[in-house]
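Because the structure is a prediction, the values reported are computed rather than measured. Just the heavy atoms: all of them, side chains too, but no hydrogens, waters or symmetry mates, feed the values below.
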Amino acid sequence: MARALLGQEASGLLMRLARIKSFSLSMPMVVAAQISPEAQAAIEELLDRGCRELRHAISGFVSWLQGAEGRTASAADAQARFTFLRLRFNAIVSQFDIFNDVLAQRGEHETGVWVAGLDDVAADALALPGGPFAPPPVVCYLDRGHGAAIRRVRTRLPGGDLNPVAVIRVPRERMIGSGIASSLVHEVGHQAAAMLDLVASLRQAMPSASPGGAAVASNWRFWDRWISEIVADLWSVARVGVGSTLGLLAVVSLPRPFVFRLDLEDPHPAPWLRVKLSCAMGAGLYPHPQWGRLAKVWAELYPLGDLPKEQRALIERLDAGVEEFVRFLLAHRPASLDGRSIKEALALAEMTPARLGRLFSSWGDAGALPNVRPCLAFAAIGQAKANGAVSARQEAALLSRLLTAWAYRGAAAHNRRKRSVAMPVLSSPTPPPRLAHFTAKEMTS
């Protein structure tokens with residue numbers, strides 16, 4: 001009786017396993033909304049391998065049940081073997097659901113294409129000139145809530161398999177505005193930091209004492225606890241400039257008790273200090289008076305005056321140590337950067353506030369969207385926002401067209417690669433498609 005029941009359950013697992021179809025056969029989406037071929041291949045290979053291995057294991061279990069060893073085994077032993085198979089089946093279904101959530105969204109009108117454009121932003125943000133790693137495939141999706149998150153490549157999925165692609169969740173409520181880049185590139189920063197081993201390297205280099213005495217030395221206890229999130233914020237500022245800090249300010253504009261909450265159990269800095277750190281990192285990477293002005297505005301929005309005396313003293317002490325910490329952070333030379341400091345590796349000449357301002361102004365003169373890197377475009381729009389040179393309506397129109405154009409360009413490039421493999425080249429390849437053009441009047445429509 002027990003063997004017959006377990007045999008039926010095993011057959012049921014095989015039937016349900018057969019219903020897990022390739023995403024390429026089940027996902028309705030326009031071509032521009034598709035994920036990259038590299039990401040698609042990695043996901044399909046992971047699920048296919050898992051299904052094949054489980055199918056083989058279930059068939060082996062059924063054969064064992066019907067063989068001499070299974071017929072003489074106890075019901076408890078047979079149940080233990082079957083339970084392992086069922087857990088593995090549930091793990092594969094969980095992995096399928098993770099990627100199904102990502103890909104199903106690609107079928108939404110407009111949203112699917114915009115999210116594909118975010119894939120290009122993420123890929124650009126992860127690229128490091130002269131970097132020691134090959135960027136992994138990245139796929140993005142939107143979800144409810146205010147926080148973003150990343151499932152990094154080569155971390156464990158349900159069941160223990162290694163994740164083959166970086167999956168980034170960004171808040172739907174931030175679409176569509178330049179603030180989305182702040183959240184997105186922050187999560188990219190977590191992936192980059194892991195591949196460069198930045199967190200461990202920085203923690204090892206942190207001083208155990210400081211010339212300022214015990215009070216200043218204790219600041220490093222907080223920086224050590226928060227370093228992972230600080231590095232991710234640094235990556236975001238380096239890639240999208242003041243747009244990163246403005247986006248962060250919007251995210252952490254919370255009721256006062258939350259803004260000043262200091263908790264060493266939380267890997268995130270207290271929001272009040274986090275914005276101050278972002279401004280200091282911006283000033284260190286791309287010096288300009290705007291960072292000081294922004295920090296002053298933040299302090300006016302959340303004054304320290306009415307805080308309890310001890311809490312205020314601790315926050316003021318940490319605030320006073322921000323510049324020292326940021327100098328340490330930018331000057332650090334991890335082994336993974338081959339002798340370069342973090343600032344030398346991350347700061348880009350084209351990202352200075354003055355150059356970003358001129359870049360955005362040139363778009364209005366030309367009345368067109370330029371064919372620039374995604375992060376640079378987001379940075380220029382964020383700088384224009386800080387300068388008061390773009391309205392929320394213009395910003396949304398710009399970003400909608402940019403994301404759509406990047407998604408189209410990526411799809412066209414993928415198709416050209418497929419054709420070059422499938423058939424001989426009979427003529428010179430066509431140039432990459434130009435991004436969509438529109439007039440300044442259309443920007444406000």
Side-chain angles (χ1 to χ4, degrees), residues 2-29 33-67 69-70 73 75-108 112 115-116 119 122 136-144 149-170 187 190-191 194:
R3 286 195 300 274
L5 176 63
L6 292 175
Q8 289 177 346
E9 289 297 314
S11 297
L13 288 183
L14 283 174
M15 293 295 295
R16 297 196 294 278
L17 192 61
R19 295 185 180 277
I20 298 179
K21 301 293 185 182
S22 167
F23 287 120
S24 60
L25 298 176
S26 60
M27 286 297 164
M29 64 184 76
Q34 292 177 354
I35 63 176
S36 71
E38 295 81 9
Q40 180 86 28
I43 293 169
E44 297 283 13
E45 197 278 332
L46 169 75
L47 295 176
D48 181 64
R49 183 178 67 249
C51 288
R52 280 189 283 107
E53 291 174 354
L54 181 56
R55 195 177 298 112
H56 177 75
I58 294 172
S59 298
F61 173 73
V62 172
S63 298
W64 177 82
L65 276 178
Q66 297 172 349
E69 185 179 352
D77 185 27
Q79 173 68 11
R81 289 172 180 250
F82 173 76
T83 300
F84 174 80
L85 295 177
R86 184 173 180 80
L87 289 174
R88 180 59 180 155
F89 173 82
N90 289 339
I92 289 176
V93 171
S94 295
Q95 292 174 11
F96 178 87
D97 287 340
I98 288 169
F99 297 112
N100 184 70
D101 289 343
V102 174
L103 296 179
Q105 198 171 77
R106 302 297 172 112
E108 292 184 19
V115 173
D119 291 350
V138 183
V139 292
C140 302
Y141 75 108
L142 306 180
D143 205 353
R144 62 183 178 273
I150 185 172
R151 187 181 290 270
R152 290 185 282 110
V153 71
R154 292 196 289 274
T155 54
R156 297 288 178 180
L157 293 167
D161 294 308
L162 292 178
N163 184 23
V165 301
V167 180
I168 298 179
R169 183 192 73 203
V170 288
E187 301 307 326
H190 281 300
Q191 180 66 69

(Q) Closer than 3.5 angstrom, by distance alone: can the side chain of N163 be matched with the main-chain N or O of R151 as a donor-acceptor pair? (A) yes

Q. Would you find a donor on one side and an acceptor on the other, under 3.5 Å apart, between the side chain of E187 and the backbone of V170?
A. no

**Q.** For R154, all residues meeting side-chain hydrogen bond (donor to acceptor under 3.5 Å, both in side chains), sequence neighbours excluded
**A.**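 For R154 there are no side-chain hydrogen bond (donor to acceptor under 3.5 Å, both in side chains) partners, ignoring immediate neighbours.
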
Q: Name all residues meeting the side-chain hydrogen bond (donor to acceptor under 3.5 Å, both in side chains) criterion together with E53; count only those two or more places apart in sequence or in a different chain, and write none if there are none.
A: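 Here no residue qualifies.
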
Please identify each residue that fulfils salt bridge (Lys or Arg N to Asp or Glu O under 4.0 Å) with [X], with sequence neighbours left out.
X	answer
D101	none
D77	R81
R55	none

Name each donor-acceptor pair under 3.5 Å that joins a side chain in residues 10-18 to protein atoms two or more places apart or in another chain, with its distance.
unit_1, atom_1, unit_2, atom_2, d
S11, OG, G7, O, 3.1

To the nearest 0.5 Å, how far apart are [atom1] in [X] and [atom2] in [Y]?
X	Y	atom1	atom2	result
Q79	R86	CD	CZ	10.0 Å
I58	E9	CD1	CD	11.0 Å
I98	Y141	CD1	OH	8.5 Å
D119	I35	CG	CD1	7.5 Å
I92	L46	CD1	CG	8.5 Å

If every non-hydrogen atom of [X] is compared with every non-hydrogen atom of [Y], which pair is closest and at what distance?
X	Y	answer
C140	V115	O-CG1, 3.0 Å
I168	A122	CD1-CB, 4.4 Å
P158	A91	O-CB, 3.5 Å
V167	F99	CG2-CE2, 3.8 Å
Q191	A166	OE1-CB, 3.7 Å
Q34	A116	O-CB, 4.2 Å

Q. Could you go step by step and tell me if D161 and R156 meet the side chain to side chain contact (heavy atoms under 4.5 Å, CB included) rule?
A. CA-CA 6 Å; D161 294 308; R156 297 288 178 180; over 6 Å; no

Q) Should L6 and F61 count as side-chain neighbours, where that means a heavy-atom distance under 4.5 Å? A) yes

